[in-house]
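Keep in mind that the numbers below use all heavy atoms, side chains included, and drop hydrogens, waters and symmetry copies.
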Amino acid sequence: MTLEQGLQTLAVQFPPFMLAVVVHEFGHGFMANRWGDTTAKDEGRMTLNPVPHVDPIGTLLLPIVMMASGASFLFGWAKPVPIDPSRFRSYRPGLFWVSVAGVGMNFIFAVISALAFGAILAWMPKDFYLYEPLLTMTVASVTINYALGIFNLLPLPPLDGSKVIQSFLSPKATYRYEQMAKYSFFILIALLMTGALQFLSYPILILRDLTIGGALQVFQISEAMP
């Protein structure tokens with residue numbers, strides 16, 4: 001990949017990635033607030049402003065390098081929103097809904113991005129100079145949001161999938177389960193390096209195609225996805 005191609009890829013992928021991680025963390029903070037934990041709100045993290053959520057390595061350096069170099073997969077993260085489950089009105093349902101809220105926000109934003117794709121096709125003049133970049137960006141946004149949401153459902157602490165499981169466990173079982181956290185990073189790296197996470201691409205691409213296909217039907221467009 002040439003430098004120009006890398007910069008073009010970065011230009012269309014980084015804004016959707018940034019929005020995806022921000023809405024994910026906002027979802028956690030918003031739902032925690034609804035269940036009685038105001039920690040995220042009190043610390044200024046229940047916001048769609050990306051600045052408080054940025055992790056220099058996970059949100060900027062690593063994703064930018066991977067996008068610009070044309071890596072076959074994208075890996076990154078934002079600063080986790082501070083959550084105090086002891087402040088939930090009800091611990092188990094609170095932990096469950098707060099854990100799935102980030103994933104839910106990504107899935108909602110994937111649908112919004114697909115509708116934006118359909119709106120561009122239906123209403124934007126094809127000779128507009130940003131027509132193709134915006135189409136590519138909205139498709140990237142659908143893919144990235146589904147990828148981030150599905151990846152976070154993996155049952156490895158501290159990913160959201162592990163918190164969903166913990167909402168059904170006893171305190172003793174939860175403690176034992178959380179001990180896996182010290183190995184999670186190495187497990188993830190091993191899965192990435194061996195290509196074992198490739199299986200996640202199937203539900204991601206299926207959901208992407210179904211969602212964009214639905215958006216095309218909403219706008220009564222028969223044009224194929226680029």
Side-chain angles (χ1 to χ4, degrees), residues 17 20-46 52-59 61-63 66 73-108 110 144-204 206-207:
F17 169 78
V21 296
V22 168
V23 299
H24 184 96
E25 296 303 329
F26 173 82
H28 288 313
F30 177 82
M31 190 59 69
N33 188 64
R34 294 294 297 269
W35 279 91
D37 175 22
T38 63
T39 306
K41 183 179 180 180
D42 295 341
E43 296 188 15
R45 296 293 307 281
M46 200 177 78
H53 302 294
V54 168
D55 180 281
I57 303 297
T59 316
L61 180 60
L62 186 59
M66 296 181 78
F73 60 89
L74 177 61
F75 189 61
W77 61 88
K79 288 181 182 177
V81 164
I83 302 294
D84 184 358
S86 66
R87 301 178 68 180
F88 294 161
R89 293 193 303 274
S90 182
Y91 175 78
R92 290 183 183 276
L95 183 61
F96 175 86
W97 288 110
V98 171
S99 300
V100 300
V103 174
M105 285 294 291
N106 285 131
F107 286 4
I108 290 171
I144 289 170
N145 274 280
Y146 278 132
L148 182 62
I150 291 173
F151 176 79
N152 270 280
L153 288 176
L154 291 174
L156 285 173
L159 297 179
D160 298 334
S162 70
K163 301 300 182 183
V164 172
I165 292 175
Q166 288 176 28
S167 68
F168 296 98
L169 298 179
S170 67
K172 184 176 181 180
T174 296
Y175 174 78
R176 290 180 177 176
Y177 188 46
E178 286 180 338
Q179 300 310 300
M180 190 192 303
K182 65 183 74 173
Y183 308 110
S184 292
F185 178 78
F186 301 103
I187 293 173
L188 285 174
I189 293 299
L191 292 174
L192 286 169
M193 296 298 293
T194 59
L197 288 181
Q198 186 65 30
F199 75 93
L200 293 180
S201 65
Y202 298 109
I204 292 168
I206 289 172
L207 285 171

Less than 4.5 Å apart, any side-chain heavy atom of [X] and any of [Y]?
X      : Y      : result
Glu178 : Lys163 : yes
Ile150 : Phe107 : yes
Leu159 : Phe151 : yes
Val23  : Asn106 : yes
His28  : Asp160 : yes

Shortest non-hydrogen separation from [X] to [Y] and the atoms involved:
X      : Y      : answer
Ser162 : Pro157 : OG-CA, 3.3 Å
Phe168 : Arg92  : C-NH1, 3.3 Å
Asn145 : Ala20  : OD1-CB, 3.5 Å
Met180 : Pro155 : SD-O, 4.4 Å
Phe17  : Gly58  : CZ-O, 3.9 Å
Tyr177 : Gln166 : CD2-CG, 3.5 Å

Using a 6.0 Å cut-off, check whether atom [atom1] of [X] has over 12 heavy atoms from anything other than its own residue.
X      : atom1 : value
Arg34  : CZ    : no
Arg176 : CZ    : no
Tyr202 : OH    : no

With no hydrogens and no angle check, is any side-chain donor or acceptor of [X] less than 3.5 Å from a backbone partner on [Y]?
X      : Y      : answer
Asn33  : Gly29  : no
Asp37  : Asp84  : yes
Ser170 : Ala173 : yes

Starting from the C-alpha separation in whole Å, work towards a yes-or-no answer on side-chain contact (heavy atoms from CB on, under 4.5 Å) for Ile83 and Phe88. CA-CA 10 Å; Ile83 302 294; Phe88 294 161; 3.6 Å; yes
Looking at [atom1] of [X] and [atom2] of [Y], how far apart are the two atoms once the value is rounded to the nearest 0.5 Å?
X      : Y      : atom1 : atom2 : answer
Leu95  : Ile165 : CG    : CD1   : 11.5 Å
Trp77  : His24  : CH2   : NE2   : 14.0 Å
Thr194 : Leu191 : OG1   : CG    : 5.5 Å
Thr174 : Gln179 : OG1   : CD    : 11.0 Å

Apply side-chain contact (heavy atoms from CB on, under 4.5 Å) to Leu156 and Tyr183, showing your working. CA-CA 9 Å; Leu156 285 173; Tyr183 308 110; over 6 Å; no
Among Arg45, Lys79, Glu25, side-chain hydrogen bond (donor to acceptor under 3.5 Å, both in side chains) partner for His53: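 The passing option is Arg45.
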Phe26 vs Phe30 aromatic rings, parallel, tilted or perpendicular, using cut-offs 30° and 60°?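 The arrangement is parallel - the two ring planes meet at less than 30°.
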CA sep, side-chain torsions, deciding dist, call: Asp55, Val21, side-chain contact (heavy atoms from CB on, under 4.5 Å): CA-CA 10 Å; Asp55 180 281; Val21 296; over 6 Å; no
